[in-house]
Colleague: 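Pasting a structure below so you can have a look.
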Amino acid sequence: MDAPRFRIAPSPTGFFHVGGARTALYNWALAKRLGGTFVLRIEDTDAERNRSEWNQGIIDALAWIGIHADDPTFEGPYFQSQFADEHVAAAHRLHEAGKAYYCDLTGEQVQERAKAEGVQGYGGWSRNLGLGPGPGRVLRFRVPEGQTVVRDAVRGEVVFDNATIEDFVLLRGNGSPMFLLANVVDDITMRITDVIRAEEHLPNTPKQQMLWEALGVEPPRWGHVPLLVNEQRKKISKRRDKVALESYRDEGYLADAMTNYLMTLGWSPGDVEIVPWASVEADFRLGDVSHSPAFFDLKKLAAFNGEYIRRLSVDEFVVACEPWLAQWRDTHPDAVWDQAVFVAIAPHVQLRAVTLSEAPGVVDFLFLPEPVLDEASLSKALSTEGAADVVAQSIDAFGACEWTTEAIKSAFEAVAERNGLKLGKAQAPVRVAVTGRTVGPPLFESLELLGRDRTIERLRALPAGVQVR
RNA sequence: GGCCCCAUCGUCUAGUGGCCUAGGACACCACCCUCUCAAGGUGGCGGCACGGGUUCGAAUCCCGUUGGGGCUGCCA
């Protein structure tokens, strides 16, 4: 048997859809394991939108999830409009063979007539008129009698009664090819053997299969994978849902976490769901894919991402954070960056991060001349019993102790005890004064990194701006 | 409306006639740990849509009902 050829056929929408990403991953895993080919064909009959510069985003997005254009398994990208002549030629062959016919009814006329005769859609009125081509005339496919059986690798056999399928349009009145035809002709031209795509295409599959057969080619193996839906259980859409793969990349989701999560939507890797791509590639089977729609759950994605972040080495984590740190530096010219300080605090950030983009926001106080004080948490932390005393005494204690995490901690423990407070309670006002927030990385490590002078300076600066009881 | 698909905890899933008193993960709750927040640990809550069959036995097979979704363009 020849090596299988898979394909994905995204349309150029300006971003790459997460649903498309999952389908791409399914195709990629199969192509890899089977030693086949993964073909990327960007589909729009509009030549303008088929320009490569419009679609670099798709290439980049695929590369992000591990599908690299320079991999030998990868072929393309192709652009549908490159093959426009072939689409038209195929349509003409169908006409010559009597498998398609011209129709001079406009869309409006079809609607009127259907209404008048009480039928659904196009009634095949021009079927036997023997019309030739002409301006405004569309070429329609002559749907044969009988049944069309789609053999689907995910769902088994799906039977369609051809009587329920109307004679669909192949060529528009202006002679340009319709998507359905272009799609089939391209698949044939590119010798595609396996069409794995989302379930929304299942109802159109019998039409395509009939086209393959009419064109004298054996149809491909089909596989329709379940839809990705939102909390309303509707197909995720650009309008209402965050569907751009790029937006997740930009927010600091790890590609490995994203690919792993996407694969689990409709498929289960086995006992553990956090698995390396190599095992996905080895284990993924279309026959194991679920039949029902899957909810794209941000919370679970976040959990996957946190897990993947924690599995990074500290060095890897630091490198991974860099784009967001660089962006933060650019927007905070008054900050004095110290890479060694970030590296030192990084393990604590890593343990807490859900996405990489959060990193700057939790370490900013170490590099800014002054912490960004949140008024609400400030007044809350300082209004507690003994807060003012704790702050005042800390200034003295910190001025006298050795400047290591351990020494700072013991010095502060003494202050807390003197005020009859638990450490957790006592640290709150100091934390807010120094970091600007009530939550963040461990306090004493942070203070050590900040330095004695700046710590004391921030504690002293406190009472001036706020009401301290 | 017509055609098609689907139906296990809130969510993603395991389950392919007896291993099911239905397993795991996320979320949620509680407790432990703890300098905040996390992370980690332990435990808990929670499901086979319904009704008929078939069978010694059904989450698993069949039929129906209900519910959800998709498709139904001279869009892609």
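Proteins come first, then strands; the chains are lettered A, B, ... in the order of their sequence lines, and each starts at number 1. Just so you know, these numbers use all the heavy atoms, side chains as well, and skip hydrogens, waters and symmetry mates.
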Colleague: Output the rounded distance in Å from NZ (A:Lys238) to P (B:C75).
Modeller: 20 Å
Colleague: Go through B:A76, B:G70, B:G40 for me and flag the one nearest to the A:Glu200 side chain.
Modeller: B:G70
Colleague: If I take atom CG in residue A:Leu180 and atom C1' in nucleotide B:C71, what distance separates them, rounded to the nearest angstrom?
Modeller: 12 Å
Colleague: Check the phosphate of B:U36 against A:Arg352, side-chain N and O only, distance under 4.0 Å to OP1 or OP2. Yes or no?
Modeller: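 For B:U36, OP1/OP2 do not have a side-chain N/O of A:Arg352 under 4.0 Å.
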Colleague: Would you indicate what A:Leu227 reaches in the nucleic acid, counting non-hydrogen atoms under 4.0 angstrom: base, sugar-phosphate, or nothing?
Modeller: sugar-phosphate
Colleague: On RNA chain B, check which nucleotide each of A:Pro442 and A:Ser290 is closest to and give me the residue with the more 5' one.
Modeller: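 Final value for this comparison: A:Ser290.
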Colleague: Compare the minimum distances between each of B:C6, B:C35, B:C26 and the side chain of A:Gln427, then state the nucleotide with the smallest one.
Modeller: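 Comparing B:C6, B:C35, B:C26 against the side chain of A:Gln427, the answer is B:C35.
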Colleague: Could you check A:Phe160 against A:Asp44 and say which one's nearest nucleotide on RNA chain B is further toward the 5' end?
Modeller: A:Phe160
Colleague: How long is the line joining CG of A:Asn305 and C1' of B:A39, in whole Å?
Modeller: 15 Å
Colleague: With a non-hydrogen cut-off below 4.0 angstrom, is A:Leu105 in contact with a base, only sugar-phosphate, or nothing?
Modeller: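 Base contact - A:Leu105 has a heavy atom under 4.0 Å of at least one base atom.
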Colleague: With no hydrogens and no angle check, is any side-chain donor or acceptor of A:Asp44 less than 3.5 Å from a backbone partner on A:Pro12?
Modeller: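 Judged by distance alone, no pair lies under 3.5 Å.
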Colleague: Base, sugar-phosphate alone, or nothing: which one does A:Gly306 contact when heavy atoms must sit under 4.0 Å apart?
Modeller: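 Contact class for A:Gly306: none.
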Colleague: Does a nitrogen or oxygen in the side chain of A:Arg197 sit under 4.0 Å from OP1 or OP2 of B:A76?
Modeller: no
Colleague: Which part of the nucleic acid, if any, lies within reach of A:Thr106 when heavy atoms closer than 4.0 Å are counted: base, sugar-phosphate only, or nothing?
Modeller: base
Colleague: Would you classify A:Gln120 as touching base, sugar-phosphate or nothing, given that sugar-phosphate means primed atoms plus P, OP1 and OP2, and contacts are heavy atoms under 4.0 Å?
Modeller: base
Colleague: Is A:Pro293 touching bases, backbone alone, or none of the nucleic acid, heavy atoms closer than 4.0 Å?
Modeller: sugar-phosphate
Colleague: Hey, does the side-chain of A:Lys300 have a donor or acceptor N/O within less than 3.5 Å of a partner on the base of B:A27?
Modeller: no
Colleague: Under 3.5 Å, is there an N or O donor on one side and an acceptor on the other linking the side chain of A:Glu445 and the base of B:C35?
Modeller: yes
Colleague: Can you name the one residue among A:Glu200, A:Arg155, A:Arg197 that meets side chain to side chain donor-acceptor pair (under 3.5 Å) with A:His224?
Modeller: A:Arg197
Colleague: With A:Phe296 as reference, evaluate A:Leu227, A:Leu262, A:Val243 under the side-chain contact (heavy atoms from CB on, under 4.5 Å) test and give the passing residue.
Modeller: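 Considering A:Leu227, A:Leu262, A:Val243, a side-chain contact (heavy atoms from CB on, under 4.5 Å) with A:Phe296 is found only for A:Leu262.
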Colleague: Hunt down the Watson-Crick or G-U wobble partner of B:A30, both distances under 3.5 Å, from any strand shown, or write none.
Modeller: B:U42
Colleague: Pairing check on B:A22: which nucleotide meets the Watson-Crick or G-U wobble criteria with it, both distances under 3.5 Å?
Modeller: none
Colleague: Rounded off to whole Å, could you give me the NZ-to-P distance for the A:Lys299 and B:G10 pair?
Modeller: 15 Å
Colleague: Take the protein atom CZ of A:Phe317 and the nucleotide atom C1' of B:A39, then report the distance between them rounded to whole Å.
Modeller: 13 Å
Colleague: At under 4.0 Å, does any side-chain N or O of A:His291 touch on OP1 or OP2 of B:C6?
Modeller: yes
Colleague: Kindly point out which of B:U16, B:U13, B:C35 is positioned nearest to the side chain of A:Ala294?
Modeller: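 Closest of the options to the side chain of A:Ala294: B:U13.
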Colleague: Distance between the P atoms of B:C19 and B:C3, in whole angstroms?
Modeller: 39 Å
Colleague: Could you check how far CG of A:Asp297 sits from C1' of B:C28, rounded to whole Å?
Modeller: 13 Å
Colleague: State the pairing partner of B:G1; accept Watson-Crick or G-U wobble contacts with both distances under 3.5 Å, and report none otherwise.
Modeller: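 Checking every strand shown, B:G1 finds its partner in B:U72, with both distances under 3.5 Å.
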Colleague: Taking a pair as Watson-Crick or G-U wobble with both distances under 3.5 Å, which nucleotide is matched to B:A59?
Modeller: none
Colleague: What contact category does A:Lys425 fall into here, base, sugar-phosphate, or nothing, at under 4.0 angstrom with non-hydrogen atoms?
Modeller: nothing
Colleague: Checking A:Asn419 against A:Gln393 for the side-chain hydrogen bond (donor to acceptor under 3.5 Å, both in side chains) test, could you report, in this order, the C-alpha distance in whole Å, the side-chain angles of both residues, the deciding distance, and whether it holds?
Modeller: CA-CA 10 Å; A:Asn419 288 274; A:Gln393 291 167 30; 2.9 Å; yes
Colleague: Counting only side-chain nitrogens and oxygens, does A:Arg431 get under 4.0 Å of the OP1 or OP2 atom of B:C37?
Modeller: no
Colleague: Could you measure between the two P atoms, the one in B:U11 and the one in B:G69, and give it in whole Å?
Modeller: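 Between the two P atoms, the distance is 14 Å.
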Colleague: Between A:Glu251 and A:Lys242, does any NZ, NE, NH1 or NH2 come within less than 4.0 Å of an OD or OE carboxylate oxygen?
Modeller: yes
Colleague: Just compare B:C4, B:A76, B:C35 and give me whichever is closest to any side-chain atom of A:Val158.
Modeller: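 Nucleotide nearest to A:Val158's side chain: B:C4.
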Colleague: Using a cut-off of strictly less than 4.0 Å, decide whether A:Lys235 has a side-chain nitrogen or oxygen near OP1 or OP2 of B:C71.
Modeller: yes
Colleague: Pick the P atom in B:G52 and in B:C45, then give their distance to the nearest Å.
Modeller: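 Their P atoms lie roughly 30 Å apart.
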Colleague: Taking only Lys NZ, Arg NE, NH1 and NH2, and the carboxylate oxygens of Asp or Glu, determine whether A:Asp167 and A:Arg142 approach each other closer than 4.0 Å.
Modeller: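 Not counted as a salt bridge, because no side-chain N and carboxylate O are separated by less than 4.0 Å.
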Colleague: Expressed as a whole number of angstroms, how long is the span from A:Asn260:CG to B:A25:P?
Modeller: 15 Å
Colleague: For B:A76 and A:Arg172 - does any side-chain N or O of the residue sit under 4.0 Å from the phosphate oxygens OP1/OP2?
Modeller: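 Yes, within the criterion.
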Colleague: Check every strand shown and say whether A:Gly107 touches a base, only sugar-phosphate, or nothing at a heavy-atom separation below 4.0 Å.
Modeller: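 The answer is base, as A:Gly107 lies within the cut-off (heavy atoms under 4.0 Å) of a base atom.
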Colleague: Is the closest basic N to carboxylate O distance between A:Glu316 and A:Arg311 below 4.0 Å?
Modeller: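 Result for this pair is no, no salt bridge flagged.
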Colleague: Quick one: do A:His95 and A:Tyr101 satisfy ring-ring contact (aromatic ring centres under 6.0 Å, His included)? Show the steps, please.
Modeller: CA-CA 6 Å; A:His95 177 237; A:Tyr101 60 91; 9.0 Å; no
Colleague: Reckon A:Phe295 touches a base, only the sugar-phosphate, or nothing at all at heavy-atom distances under 4.0 Å?
Modeller: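 Sugar-phosphate, no base atom in range.
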Colleague: In whole Å, what separates the P atom of B:A14 from that of B:C6?
Modeller: 15 Å
Colleague: Would you indicate which nucleotide in B:A25, B:A14, B:A76 comes nearest to any side-chain atom of A:Asn204?
Modeller: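 Nearest to the side-chain atoms of A:Asn204, counting from C-beta on, is B:A76.
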Colleague: What's A:Pro441 touching, base or sugar-phosphate or nothing? Going by heavy atoms closer than 4.0 Å.
Modeller: base
Colleague: NA contact type, A:Val138, heavy-atom cut-off 4.0 Å: base, sugar-phosphate, or nothing?
Modeller: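 Since a base atom lies under 4.0 Å of A:Val138, the category is base.
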Colleague: Between A:Arg418 and A:Asp389, does any NZ, NE, NH1 or NH2 come within less than 4.0 Å of an OD or OE carboxylate oxygen?
Modeller: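 Salt bridge absent between A:Asp389 and A:Arg418.
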Colleague: Counting any heavy atom closer than 4.0 Å, what does A:Ser11 reach on the DNA or RNA strands: base, sugar-phosphate only, or nothing?
Modeller: sugar-phosphate
Colleague: Any side-chain N or O of A:Lys409 below 4.0 angstrom from OP1/OP2 of B:C35?
Modeller: yes
Colleague: What integer number of Å spans the C1' atoms of B:C48 and B:U13?
Modeller: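 Each nucleotide's C1' atom is 13 Å from the other's.
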Colleague: With a non-hydrogen cut-off below 4.0 angstrom, is A:Gln109 in contact with a base, only sugar-phosphate, or nothing?
Modeller: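 The answer is nothing, as A:Gln109 stays clear of every strand by at least 4.0 Å.
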Colleague: Which one, B:G40, B:C3, B:C6, comes nearest to the side chain of A:Glu307?
Modeller: B:G40
Colleague: A:Ser268 side chain: which of B:C35, B:C71, B:A14 is closest?
Modeller: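 Minimum distance to the A:Ser268 side chain belongs to B:A14.
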Colleague: Using the C1' atom as the reference point in each nucleotide, state the distance between B:U54 and B:C62 in Å, no decimals.
Modeller: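 Here B:U54 and B:C62 have their C1' atoms 7 Å from each other.
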Colleague: Taking any heavy-atom pair under 4.0 Å as a contact, classify A:Arg437: base, sugar-phosphate, or nothing.
Modeller: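 Nothing: the residue A:Arg437, judged by heavy atoms under 4.0 Å, touches no strand.
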Colleague: Would you say A:Arg352 and A:Val362 make side-chain contact, with heavy atoms under 4.5 Å?
Modeller: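 The answer is no; the side chains never approach within 4.5 Å.
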Colleague: Write down the distance between CZ (A:Phe365) and P (B:C37), rounded to a whole number of angstrom.
Modeller: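 Nearest whole value for this atom pair: 16 Å.
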